[in-house]
Amino acid sequence: MPHDTPLISTIVGGLVLAFIFGALAHRMRMPPLVGYLIAGVLVGPHTPGYVADQSLAPELAEIGVILLMFGVGLHFSLKDLLSVRGIALPGAIVQIGFATLLGWGLGAFMGWPTGGSLVFGLALSVASTVVLLKALQERRLVETERGRIAVGWLIVEDLAMVLALVLIPAAASIGGGHGPVEPLSAGLNSLLGLDLGIGGMIAMTLVKVALFVALMLVFGRKLIPWTMHRIAHTGSRELFRLGVLAIALGVAFGAAKLFGVSLALGAFFAGMVLAESELSHRAAQESLPLRDAFAVLFFVSVGMLFDPNILIDRPLPILATVFIIVIGKSVAAFLIVLAFKKPPGTALTISASLGQIGEFSFILAALGVELGLLPEEGRDLILAGAIISIILNPLLFFLCDRMRPVLESARREETAADPSSAADEGAAQEQVPPGDDEVHPSPLNGHAILIGYGRVGRIVGQNLKSSGTPFLVIEDSDKRIGELKAQGIEAFMGNAVARETLDLANLSAARSLAIAIPNAFEACRIAEQARSVNPSILIVARAHSDAEVDELKQYGADTVIMGEREIALGMVDRLAQVHHESVSYEDRQEPATIIPTGTAPPERE
C-alpha cells in the first residue's frame, strides 16, 4: 500500500507546519492563525518546496466550517436568533450594500466590467465564518448580546450570499455568457417551456431556503434530539460521538444538495435544533477536537491560494482593497449599530468582528472568474485582502478594546449634558445584558474568588453564600451571570485566563481562589497568574487525573481535588458501613455547608 497519498500528505503537511508556525506566532505574542496562514503559503504553489493538493485542502477546510457552525448552533437557540433580527437583518443588508458599492467603485476605477465589479464588491462585503467565530469564542462573547448580534448578522450575510450565487450565473447569461442556471428553474423550463427569468430564480431559491428552515423547525427539532437520546441510551461514547458528526455533516451536506443552502448554514440549523436537548453540551464537547483541527486546515488552505508576488506588483490596489474591508465595512457597521441605540462597546465589537473576509469571498471570486465576469486580478486582490484582513483582525479588536472606554465616557458626558436624551439612553442601557456594561474592580477584601459557575461551581457558590463568606464569581456565560446577579452575587463576565479579568476580582486582596472549571490547561494558567499577584492566597482546583493534579500543584495550586478519586472514596466509605458495621451512613441530598473557621481543614490525600 503506498504511503505517499495526496490526502495523507496534505493533512500531515498542513497540520505539522501549522503547529510549528502557530507555536512561533504564539511565542511572538501574535494570534496562532497568523502562523497557520504562513504555513499555507509555504505549502502552496507559489513558494518553492513541497506543494499540498490544492483540490483536497479546501474540501478538508469546509469540514472545519461545518463543525464550527454546528458548534455555534449548539449554543445559539432560535429565541436568541429572533431576539436580534431587528438589528441583524437591516444592519447586514445595509452593510452589504455599502461594501458592495465601495468594491464596485474600485473595480470601475480599474476598468473592470460592471458585472465583475459587482462580484468583487459582494466578495468584500461578507465576513469569514471561521475568523468571526474564533474571535468571539476566544473572548467568550458568543453567548453575549454582542455575540448574538454578530452571529445573527453573519447568518443574514450567508443567506444573502446564497442568493448571490444564484444571481451571478444569471448576470453572466444576460451579459452574453453561458453560466449554469438554477436546477429547478431549468427543469421547469425544459418540461413546461416556462422561462422564469431572474425573478423566478430568486423565487425558487427563497422557496427552497424557506422549505429547508421549515423542515428543520418542524421535523428536525423533534427527530434530531430524539435520535441523539436513543444513541445516548446505548451507553456507547463512540456511537454518540459518531452520531454527532453524522448529524452535523449529514444535515449540512443534505441542505446543500437538496435545498441549495450553504454547508455552513445547514450545519448551523442542525446545531440550533439539537441545542433544545439537554445533550447539547455533551455534543459540543465531543465535536470540539475535530472542529479545531479542521478549522486549522481552513486557514492553511487560504494561505495556499496566496501569491506573495502580488504585494510587490500591485501594492496600491491591495491597499484600497484592505481599506474597504477593514475600514469601510467596520465604520459602516459601527454607525449602523449606533443608529439602533446600542452602546458603543457593542458597536465596536460588531465592527471589529466584520472587518475581514473569508470563505464565501473565495467561492464568489472563483465563480466570477469561471463565468468570465471577474478578471483574475480581482481574485488575487480578494485573496490578498482576505489574508491581510485576517492578520489585522486581532489588532482591530485590540484597538476597539482601547477605544471602548473613551467612547463610553464621552457618551455618558453627552447624556448628562442633554437631559432630553437621558430617557433614550436609559432604555438602551436596560437592553444591555450583563457583561456588556463598563465594569469596575470589586471593592471586596479578604474574599473568595470562584472561577466558573457550572455543576461544581454552583455547589461551591451556594455553600459560600450560606456560610456568609464574602465571594465573587468569574463566569463566561451571560445566562449564568444574569442568574448570579439576580441572587445578589457579585459576578464578572469573561475568561479568567485574561489578566485584566482577574484584576477586576481584586485578586491582590483576596483570601482564597476556587478554580471550578474542568479545563486543566486554563486552570494552570489562572493558578500561575494568581500566585504571582498574591503569593499568600489559598488556591483550590479540580482535576480529572493524577497528571493534572501534579501539573496544577506545580503551577501554584495548594489543594487539588480529583473528582474520580473523591467518588471512589465516597463509595468505599458507603461500602464500609455495610461490610464493617461502622457508624450508620446518611445519604445526603444536599451538600454540607462550609463553616468558616480560623484553621484550614486537613487536606485529604
Side-chain angles (χ1 to χ4, degrees), residues 29-34 84 87-88 91-92 94-95 98-99 102 124-154 157 322-358 385-414 428-429 431-440 476 478 492-495 497-501 503-504:
R29 299 186 179 277
M30 297 175 64
L33 67 87
V34 174
V84 299
I87 180 175
V94 173
Q95 179 252 304
F98 180 74
L102 291 178
L124 301 186
S125 70
V126 57
S128 165
T129 301
V130 176
V131 176
L132 185 146
L133 295 177
K134 276 284 186 182
L136 294 180
Q137 288 173 346
E138 287 175 0
R139 292 162 179 81
R140 302 299 194 268
L141 293 176
V142 174
E143 296 183 8
T144 65
E145 185 193 42
R146 288 176 281 171
R148 286 193 293 267
I149 293 175
V151 175
W153 200 299
L154 183 71
E157 287 188 346
V322 173
F323 180 86
I324 293 174
I325 299 170
V326 178
I327 305 299
K329 283 176 57 180
S330 297
V331 171
F334 179 79
L335 296 176
I336 291 169
V337 176
L338 286 184
F340 280 87
K341 307 294 185 183
K342 296 296 180 181
T346 300
L348 285 171
T349 298
I350 294 173
S351 62
S353 300
L354 301 173
Q356 38 76 25
I357 60 174
I387 293 198
I388 295 174
S389 65
I390 289 173
I391 292 176
L392 293 178
N393 196 242
L395 176 62
L396 195 59
F397 266 101
F398 174 80
L399 294 176
C400 287
D401 290 340
R402 290 294 179 268
M403 293 170 57
R404 180 183 174 191
V406 177
L407 292 177
E408 291 184 343
S409 176
R411 181 160 181 166
R412 282 194 299 268
E413 292 176 2
E414 179 183 350
Q429 292 296 333
Q431 297 176 3
V432 180
D436 278 352
D437 292 326
E438 185 178 357
V439 291
H440 303 279
D476 60 10
D478 66 330
F492 294 98
M493 181 161 186
N495 186 355
V497 173
R499 178 63 179 272
E500 55 270 20
T501 305
D503 289 341
L504 291 174

Query - For Q95, side chain to side chain donor-acceptor pair (under 3.5 Å) partners two or more places apart - result: W153
Query - Side chain Q356, main chain A386, donor-acceptor under 3.5 Å - result: no
Report task. Could you list the residues that satisfy side-chain contact (heavy atoms from CB on, under 4.5 Å) with I324, not counting sequence neighbours? Result -> L102, L106, L124
Report task. Quick one: list whatever passes side-chain contact (heavy atoms from CB on, under 4.5 Å) with V331, sequence neighbours left out. Result -> I327, L335
Query - I350 CD1 to L338 CG distance, which is reported to the nearest 0.5 Å - result: 10.0 Å
Query raised in the report: What distance separates I357 CD1 from I325 CD1, expressed to the nearest 0.5 Å?
Result: 3.5 Å
Report task. Quick one: list whatever passes side chain to side chain donor-acceptor pair (under 3.5 Å) with T349, sequence neighbours left out. Result -> R146
Report summary line: Distance col, row N393:CG vs S353:OG, nearest 0.5 angstrom, shows 7.0 Å
Query raised in the report: Any side-chain heavy-atom pair from S351 and V337 closer than 4.5 angstrom?
Result: no
Query raised in the report: Between F98 and S125, is any pair of side-chain heavy atoms under 4.5 Å apart?
Result: no
Query raised in the report: side chain to side chain contact (heavy atoms under 4.5 Å, CB included) between T346 and I149: does it pass, once the steps are laid out?
Result: CA-CA 9 Å; T346 300; I149 293 175; 4.1 Å; yes
Query raised in the report: Mind checking what makes side chain to side chain donor-acceptor pair (under 3.5 Å) contact with S330, not counting sequence neighbours?
Result: none
Report task. Using side-chain contact (heavy atoms from CB on, under 4.5 Å) as the criterion, list what pairs up with L399, not counting sequence neighbours. Result -> L395
Query raised in the report: Is there a side-chain contact between V322 and L392 (heavy atoms, below 4.5 Å)?
Result: yes
Requested in this report: Compare all side-chain heavy atoms of L354 with those of E157 and state whether any distance is below 4.5 angstrom.
Outcome: yes
Query raised in the report: How many angstroms lie between atom CZ of F398 and atom CE of M403, to the nearest 0.5 angstrom?
Result: 12.5 Å
